[in-house]
K.L.:
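Shown below is the structure under consideration.
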Protein chains: 2
Amino acid sequence: MTDSENDSIQPSAEIPELCQECTARHRGICGALRPDELTHLNKISKQKTFAEGLTLMADQQEAPFFANVLEGVVKLSKTLPDGRQQIVGLQFAPDFVGRPFQSESHLFVETASKVKLCTIPRKGFEQMLGDIPSLQERLFQQTLVELDESRQWLVALGRKTASERVAGFLHMIALHMPNNKESPSQGDKNTTSFDLPLTRSDMADFMGLTIETVSRQLSKLKKRNIVSISHNRRIVIHDMELLEKTSRE
Amino acid sequence: MTDSENDSIQPSAEIPELCQECTARHRGICGALRPDELTHLNKISKQKTFAEGLTLMADQQEAPFFANVLEGVVKLSKTLPDGRQQIVGLQFAPDFVGRPFQSESHLFVETASKVKLCTIPRKGFEQMLGDIPSLQERLFQQTLVELDESRQWLVALGRKTASERVAGFLHMIALHMPNNKESPSQGDKNTTSFDLPLTRSDMADFMGLTIETVSRQLSKLKKRNIVSISHNRRIVIHDMELLEKTSRE
DNA sequence: CGTAGTTTTGAGTTTTGTCAATAACCGTGG
DNA sequence: CCACGGTTATTGACAAAACTCAAAACTACG
């Protein structure tokens with residue numbers, strides 16, 4: 001809407017208004033761009049909001065766009081012929097979604113929650129990727145981080161118990177979610193609260209468990225007074241340290 | 001030894017002798033280099049052979065070099081405080097070993113078998129990476145492939161049974177190993193033989209199982225006449241198709 | 001309130017892990 | 001070439017973890 005305001009005035013110096021407050025501006029891939037490059041990206045990209053449970057890109061399909069996650073959680077999953085499913089990645093703001101150098105994804109990309117994306121058309125982005133080495137390097141670095149995360153989760157699935165996986169999952173989510181702290185002791189890093197962005201079914205598919213096992217493990221954490229859960233999604237973590245410890249052994 | 005023969009004659013046109021027959025020359029990262037660049041890489045790199053069971057880079061340590069795998073298998077693993085171990089990746093020729101943009105590895109890198117590497121000193125390689133965009137792009141692409149493989153194995157660990165994992169593992173190894181076919185029917189793609197590059201213990205650590213479970217599943221595959229095993233390591237796959245099918249359901 | 005969908009809990013089964021004993025393999029040296 | 005000892009792999013019996021199926025409780029929403 002207001003995308004084109006700066007167009008003819010100072011094409012190479014100002015930062016587009018929309019990008020000023022953007023979560024992807026600094027920590028995301030846009031941080032690799034000069035003002036004029038950012039302006040160009042801003043011109044071809046478009047913010048869009050998606051409801052929970054939508055498929056953004058389907059397995060074996062040409063992915064029409066790349067995107068930065070601005071809000072919410074995007075899940076990457078794989079499905080076996082008999083219907084078993086595994087979530088192989090979760091993307092939070094300001095992560096980048098999409099795979100360069102390959103038009104078709106072999107993943108399902110779906111919204112796990114309500115999601116706001118900054119979408120970028122495939123062609124335009126690939127052009128920029130070829131022209132701007134710093135952008136490619138940034139994307140390369142983010143890919144390396146994703147590889148690290150994937151391998152970290154591989155350890156959880158291969159060697160950790162259900163109890164450790166659930167604790168580790170909650171801990172990881174706690175670090176990624178906007179932290180709605182309500183306790184008076186603001187500086188207390190040992191307690192946090194947030195809304196779970198995933199259903200029990202998604203949690204199970206991420207952790208390689210059944211929903212019943214996930215539920216039982218959550219109940220155990222409640223009994224140990226490490227977390228409280230209300231309305232299914234609302235989580236209060238009373239003891240982050242103990243949660244983290246539980247995820248390690 | 002013969003590394004420096006071409007040095008002063010035609011520094012920018014000829015392909016170094018050692019690289020001529022190298023497995024990394026075409027499919028590996030060296031394929032992204034021009035002859036003069038390859039000559040430079042050849043000058044700073046060095047072929048080395050390592051015995052089975054050696055640690056090339058340890059967790060939290062500064063990795064002294066990058067390398068191309070020329071022969072054998074390198075395993076990447078992570079260890080939990082209590083000793084549980086998970087192999088998070090296996091590298092075959094002509095894979096690249098090492099993580100750019102980060103001096104310390106969070107992995108153990110060990111030789112799973114006897115291994116031949118073309119090692120490249122950290123500094124020199126990072127310099128080349130900065131100077132040669134095509135090299136960075138090649139490495140980026142290989143990283144994306146590794147990410148795909150890692151996610152594929154995530155599905156196995158999260159959702160597949162022991163039987164499926166073992167079949168899938170054998171199938172994967174069969175595709176990577178130099179295929180010592182001995183049967184008269186050369187063109188028969190349904191049968192293969194090779195030496196396992198991993199011990200039962202490594203196999204278990206890769207598949208997130210115990211050695212006993214691995215052994216029991218191998219025995220089942222023998223009973224079903226899908227494979228034969230002799231001398232612990234020598235594998236003959238009689239029916240690749242059935243093996244692959246077993247890995248999928 | 002009542003209903004549909006989700007989550008939790010319970011009871012019983014299956015798969016995989018643990019521990020222990022046996023067997024196969026490899027290298028060495030007689 | 002065979003015997004020996006150490007290592008690695010297989011097999012068996014049992015235990016534990018997680019799964020399946022079914023029922024009850026909770027939640028959201030009209």
Side-chain angles (χ1 to χ4, degrees), chain A residues 51-53 80 82-86 112-114 156-170 195-224 227-235 246-247 249, chain B residues 51-53 80 82-86 112-114 156-170 173 195-224 227-236 246-247 249:
Chain A
E52 171 182 338
L80 295 175
D82 66 358
R84 281 174 290 177
Q85 205 171 35
Q86 177 67 43
S113 64
K114 189 181 163 204
L157 295 190
R159 290 302 182 200
K160 290 196 177 180
T161 63
S163 159
E164 293 166 330
R165 289 184 215 177
V166 172
F169 172 79
L170 287 182
D195 285 311
L196 268 181
L198 271 64
T199 64
R200 296 293 186 275
S201 177
D202 281 341
M203 289 171 64
D205 283 347
F206 185 61
M207 295 190 269
L209 301 168
T210 59
I211 56 175
E212 292 95 333
T213 299
V214 171
S215 181
R216 280 185 244 272
Q217 294 302 333
L218 289 174
S219 298
K220 278 189 194 170
L221 289 173
K222 284 191 279 186
K223 282 211 191 73
R224 292 175 62 196
V227 306
S228 301
I229 304 179
S230 51
H231 307 88
N232 291 341
R233 297 290 195 108
R234 182 84 201 147
I235 305 284
T246 304
S247 80
E249 69 185 59
Chain B
E52 171 181 338
L80 294 175
D82 65 358
R84 282 175 289 177
Q85 205 172 35
Q86 177 67 43
S113 65
K114 188 181 164 203
L157 294 191
R159 291 302 184 201
K160 290 196 175 179
T161 64
S163 160
E164 292 167 331
R165 291 184 213 176
V166 172
F169 171 79
L170 287 182
I173 295 289
D195 285 312
L196 268 181
L198 271 63
T199 64
R200 296 293 186 275
S201 177
D202 280 342
M203 289 171 65
D205 283 346
F206 186 61
M207 295 190 269
L209 301 168
T210 58
I211 56 177
E212 291 94 335
T213 301
V214 171
S215 183
R216 280 184 244 273
Q217 294 303 333
L218 289 175
S219 297
K220 277 189 194 170
L221 289 173
K222 284 191 279 187
K223 282 213 191 72
R224 292 175 62 197
V227 306
S228 300
I229 305 180
S230 52
H231 308 88
N232 292 343
R233 299 290 197 108
R234 183 86 200 142
I235 305 285
V236 180
T246 304
S247 79
E249 68 187 56

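Quick note on labels: first sequence line is chain A, next is B, and so on, each numbered from 1.
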K.L.:
Using five base pairs at each end to define the local axes, how bent is the helix from dC1(C)-dG30(D) to dG30(C)-dC1(D), to the nearest 10°?
P.N.:
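Here the helix ends are tilted 30° relative to one another.
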K.L.:
What are the two closest non-hydrogen atoms of Val214(A) and Val166(A), and how far apart are they?
P.N.:
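Result for this residue pair: CA-CG2, 4.5 Å.
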K.L.:
Can you pull the contact range of chain B along DNA chain C, 5' to 3', using atoms under 4.0 angstrom from its heavy atoms?
P.N.:
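The footprint of chain B covers dT16(C) to dC26(C).
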K.L.:
Would you say Ser215(B)'s side chain and Ile211(B)'s backbone share a donor-acceptor pair under 3.5 angstrom?
P.N.:
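Such a contact is absent between Ser215(B) side chain and Ile211(B) backbone.
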K.L.:
Enumerate the residues from residues 205-218 of chain A whose closest heavy atom to DNA chain D is under 4.0 Å, giving them by residue number; use none for an empty result.
P.N.:
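Correct list: Gly208(A), Leu209(A), Thr210(A), Glu212(A), Thr213(A), Arg216(A).
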K.L.:
Name the residue closer to the 5' end of DNA chain D, choosing between Ile229(A) and Arg200(B) according to the nucleotide with the nearest heavy atom.
P.N.:
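The residue mapped nearer the 5' terminus is Arg200(B).
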K.L.:
Give a yes or no answer on whether the side chain of Arg159(B) reaches the backbone of Leu209(A) with a donor-acceptor pair at less than 3.5 Å.
P.N.:
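Side chain of Arg159(B) to backbone of Leu209(A): a pair is present.
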K.L.:
Run the side chain to side chain donor-acceptor pair (under 3.5 Å) test against Gln85(B) and tell me which residues pass, sequence neighbours left out.
P.N.:
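Gln85(B) satisfies side chain to side chain donor-acceptor pair (under 3.5 Å) with no other residue.
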K.L.:
Which residues within residues 158-166 of chain A lie with some heavy atom under 4.0 Å of an atom in DNA chain C?
P.N.:
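None - not one residue of the stretch has a heavy atom sitting under 4.0 Å from the strand.
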K.L.:
Report the residues that fulfil side chain to side chain donor-acceptor pair (under 3.5 Å) with Arg84(A), sequence neighbours left out, ordered by chain and then residue number.
P.N.:
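Arg84(A) satisfies side chain to side chain donor-acceptor pair (under 3.5 Å) with Asp82(A), Glu164(B) once adjacent residues are dropped.
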K.L.:
Find the distance Glu52(B):CD to dT8(D):C1' and express it as a whole number of Å.
P.N.:
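That distance rounds to 12 Å.
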K.L.:
If you measure from the Lys or Arg side-chain nitrogens to the Asp or Glu carboxylate oxygens, is any gap between Arg234(B) and Asp195(B) under 4.0 Å?
P.N.:
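A salt bridge links Arg234(B) with Asp195(B).
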